[in-house]
Each structure stands twice: as C-alpha cells, then as structure tokens.
Amino acid sequence: MATLKVLLACYWPLPHLGGVWPYMLQLKQQLEYRGHTVDIFGNGPDIPKYHMVNQNRGLLKDHILPFLKVKLNNRSYPGINSNSWLHTVELDRYCMELSAAYFGLDSYDVIHSQDVISTLAMSRVKGKHTGLVASIHGSLAREVLYAVEKDNLEGSVRAKISRYYRTLEHYGAVSSDITITSTEWMRNLLIQDFQVPAEQVVSFPYGLDTDTFYQIQALGTERTRPPGKKVIICPARLVSIKGINFLIDALARLKRVRSDWVCWIVGDGDLRKPLQEQAKALGLTQDVLFLGQRKDVPALLTQADIFAHPSLQDNQPFSVMEAQLAGLPCVVSNAGGLPEAVLHNVNGLVSPVGDVATLSDHLHFLLANDESRQRLGQHAAEWAKEHWSLATMTDRMVQQYEAAWNKAVWRMSHA
C-alpha cells in the first residue's frame with residue numbers, strides 16, 4: 001500500500017458543531033496511524049477566512065472578495081445576483097477555490113471533500129495527478145428546501161433557490177472520482193434524485209472512535225440523574241432539521257400520563273431560545289433541561305435511560321452511534337438513513353417523521369417497561385460493536401483513495 005498525502009476539505013466552518021468535524025478528526029488520526037500525511041482545509045469558525053486548520057495558515061476573505069465582486073457583477077451574472085442566498089454561496093465557493101489555489105494543492109495525492117460545495121471547488125483547482133474523493137454526509141438541497149419553506153419566501157424565490165441547490169448537489173456529487181455515502185438511503189437519493197451515476201457511488205458506514213468514547217465516559221460528569229426519574233437524552237444541534245420541536249410536543253403529551261422522567265437536550269444552535277420558549281409555554285420548564293454544548297456526552301449517556309432523535313432528515317448521526325455504544329434504546333424518526341441503524345423493536349423504536357403521538361407513545365412504552373427497554377438497549381450495544389468499526393471504515397476509505405489516485409494517474413498517462 002502506498003503512503004499517501006491527503007487533504008480533507010470542507011465548506012463548513014471548522015471546528016464545526018455537527019458530526020462532520022469529529023468524523024474528520026478521527027479519520028485524520030487513523031490515517032496518520034497508518035503512515036499517511038493528512039491536512040485539513042475549510043472555512044474559519046469565527047473570522048471570515050479559509051484556513052489550513054492543522055498548519056495555522058489562513059487567508060482572509062476580505063483579501064479576495066473585492067476581486068470576485070468586480071468579476072461576478074450584476075451585468076455579467078444577473079442570475080446569481082438576483083438572490084442573496086445564491087450570491088453568498090457563489091462568492092464563498094469562489095473564495096474557497098482561490099484560497100485552495102493560494103495554499104497550493106500540487107503536493108496532494110488525494111483530496112477528500114466532505115460536501116458538494118467543496119467537492120465542486122476542489123475539482124476546479126486540484127492537480128491533474130490528484131484523485132478526488134467526496135463524502136456526501138447529507139442532502140444539502142433538501143436541507144435548504146426545509147429552511148426556505150420555514151422562511152415563507154415567495155414561490156418564485158423558493159423555486160429559484162431550489163433549482164440552484166439541486167444543480168449544485170448534482171454537479172458537486174459527480175465532479176469527484178469516487179463519491180462515498182454512509183447509508184443506502186443517501187446513495188439511492190444521489191442516484192435517483194440527483195442523477196449521479198450508480199457506478200460512481202460507494203456506500204459503507206461510518207466508524208466510531210471507541211477508545212476516545214470510553215476515555216471520556218470514564219472521566220464521568222458532574223450531572224447525575226434526578227432521584228426517582230428516568231432520563232431521556234437528546235444530543236443534537238438546535239436547528240430546524242433536527243425536529244426538536246416535535247420532541248418537546250411529544251414530551252408535553254407524555255407528561256399528561258406520567259412524570260417519572262426528565263429530558264436533557266444537549267447542544268446549541270439558532271433555535272435554542274425558541275425551543276426553550278416552547279417548553280416553557282407547555283409547562284415543561286422543570287422537565288426539559290437545555291444543557292448547551294458539552295464535551296462529556298459519552299459520560300452523560302451513562303446517566304440516561306432512553307435516547308431520542310426526532311429528525312426531519314438525517315443520514316448516519318454520530319449521536320445515534322454513540323447512544324448505541326452506550327447501550328441505550330434509540331427512539332428515532334424514520335428520516336433518511338435512520339432506519340438502517342435503528343431497527344424497529346430490535347434495537348430501538350421508529351416512528352414517522354413529525355408523528356408526535358407515536359413518538360410520545362414510544363417514550364411512554366420504554367418508561368413503563370423496564371425489561372423491553374433493557375433488551376433493546378442491549379441489542380443496541382451489540383449492534384454498535386458489530387457495525388461501527390473505525391478500523392474497518394478507514395481500511396475501506398484508503399482503498400477508495402488508492403482507486404481515485406490510480407484514476408488520476410491513468411488520466412494523466414492517457415491525456
């Protein structure tokens with residue numbers, strides 16, 4: 001096996017609140033353990049810049065944007081200037097391309113992008129000898145559609161935004177040598193909805209860094225379960241796509257029939273205040289606790305009895321993987337790839353997206369039936385140990401890197 005120099009590239013701010021950032025970190029660690037060299041490139045988390053995260057090298061967007069704005073003016077490109085969403089993303093995508101070119105990509109054997117935007121950007125500026133692998137962690141076009149629907153935009157504006165992101169998703173996913181998904185749901189979505197050639201898309205699940213998980217778990221946490229209460233835990237970004245509002249509505253229904261529980265919502269996001277207000281309006285101030293962003297989630301899981309994840313769309317969330325490793329039964333929606341990880345009445349319970357009544361009934365059932373709760377939790381732990389191997393995922397990833405690199409070398413030799 002060749003020793004490779006790899007660049008992990010991401011459009012989203014790094015570090016990032018979602019699962020992409022820990023995925024990149026644990027992949028970097030595993031690749032370096034195998035002797036490969038790995039750099040990370042992405043948006044700055046606080047300052048508007050692009051940076052090589054592990055090299056302390058950054059380029060401010062203010063140094064690039066004036067040139068782009070002159071080029072991408074309203075006269076030359078009226079389409080992208082007609083909408084602020086489109087204009088912002090296009091400017092930032094070009095910023096990413098120019099920043100990557102400034103830092104230099106010629107030394108990399110493989111670039112591994114983590115979204116359709118960075119994939120399209122890297123495909124335009126990488127060296128001809130460099131293979132390009134794209135991991136598509138979720139459908140950007142569908143997530144944006146959820147967002148614009150909530151913003152009550154005019155129909156013509158929604159349609160324009162939808163067309164743009166669908167086009168972006170298609171060209172981003174097809175511009176790599178190999179496109180990787182972690183679920184069959186995401187693979188089928190790319191093939192059927194975004195016309196990505198089936199032979200280009202490879203699917204295998206994420207792995208989980210169990211050593212780090214158990215180390216954090218062993219450190220413990222200052223938070224303990226309230227006396228006489230079972231704990232429902234929901235670690236998630238507090239954004240609309242995660243469906244936390246449905247969970248709060250379900251908990252309000254649950255409280256009408258039993259009060260022997262408390263729910264810990266772990267995470268942060270734009271909807272934290274509205275969700276807190278929703279809980280307060282439903283009389284759940286003492287029952288639903290917002291713990292904010294935490295670094296001790298593995299330890300918190302040991303204090304919990306049930307894991308809840310009512311998402312509107314999801315692929316293979318790290319939170320579900322960690323909950324299963326901790327031996328918790330998972331109460332989830334049937335969104336996206338979730339039913340591939342959580343099998344109904346085997347290692348958890350699955351309800352339709354947005355079905356508050358069924359979600360409440362599932363929580364009630366597990367609170368009332370200790371034997372069933374423990375059985376599902378045990379099966380969840382067994383499932384995690386069997387399916388979420390980080391070593392296996394990394395081995396498969398290196399195989400795809402080598403295949404992409406060989407494709408690039410072949411193209412050069414036949415140019």
For this session: Just grab all the ring-ring contact (aromatic ring centres under 6.0 Å, His included) pairs involving residues 164-188, residues at least two apart or on different chains.
Result: none
Salt bridge (Lys or Arg N to Asp or Glu O under 4.0 Å) partners of [X], counting only residues at least two apart:
| X | result |
| --- | --- |
| Asp209 | none |
| Arg396 | none |
| Asp177 | Arg411 |
| Arg187 | none |

Exercise. Do any pairs count as a salt bridge (charged side-chain N to carboxylate O under 4.0 Å, His left out) and have a residue in residues 311-336, sequence neighbours left out, and if so which ones?
Worked result: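 Matches after skipping sequence neighbours: Lys242-Asp314.
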Taking side-chain contact (heavy atoms from CB on, under 4.5 Å) as the definition, give me every residue that meets it alongside [X], ordered by chain and number, with sequence neighbours left out.
| X | value |
| --- | --- |
| Ile216 | Thr212, Pro298 |
| Leu60 | Ile47, Lys49, His63 |
| Pro274 | Leu271 |
| Gln303 | Thr221, Thr224, Arg225, Trp264 |

Exercise. Can we call the ring centroids of His137 and Tyr23 under 6.0 Å apart?
Worked result: yes
With a 3.5 Å cut-off and sequence neighbours excluded, list the donor-acceptor pairs that the side chains of residues 360-367 form with protein atoms.
{"from": "Ser360", "atom 1": "OG", "to": "Ala250", "atom 2": "O", "distance (Å)": "3.1"}
{"from": "Ser360", "atom 1": "OG", "to": "Leu254", "atom 2": "N", "distance (Å)": "3.4"}
{"from": "His364", "atom 1": "ND1", "to": "Arg258", "atom 2": "NH1", "distance (Å)": "3.2"}

Exercise. Quick one: side chain to side chain donor-acceptor pair (under 3.5 Å) pairs with a partner in residues 333-345, sequence neighbours left out?
Worked result: none
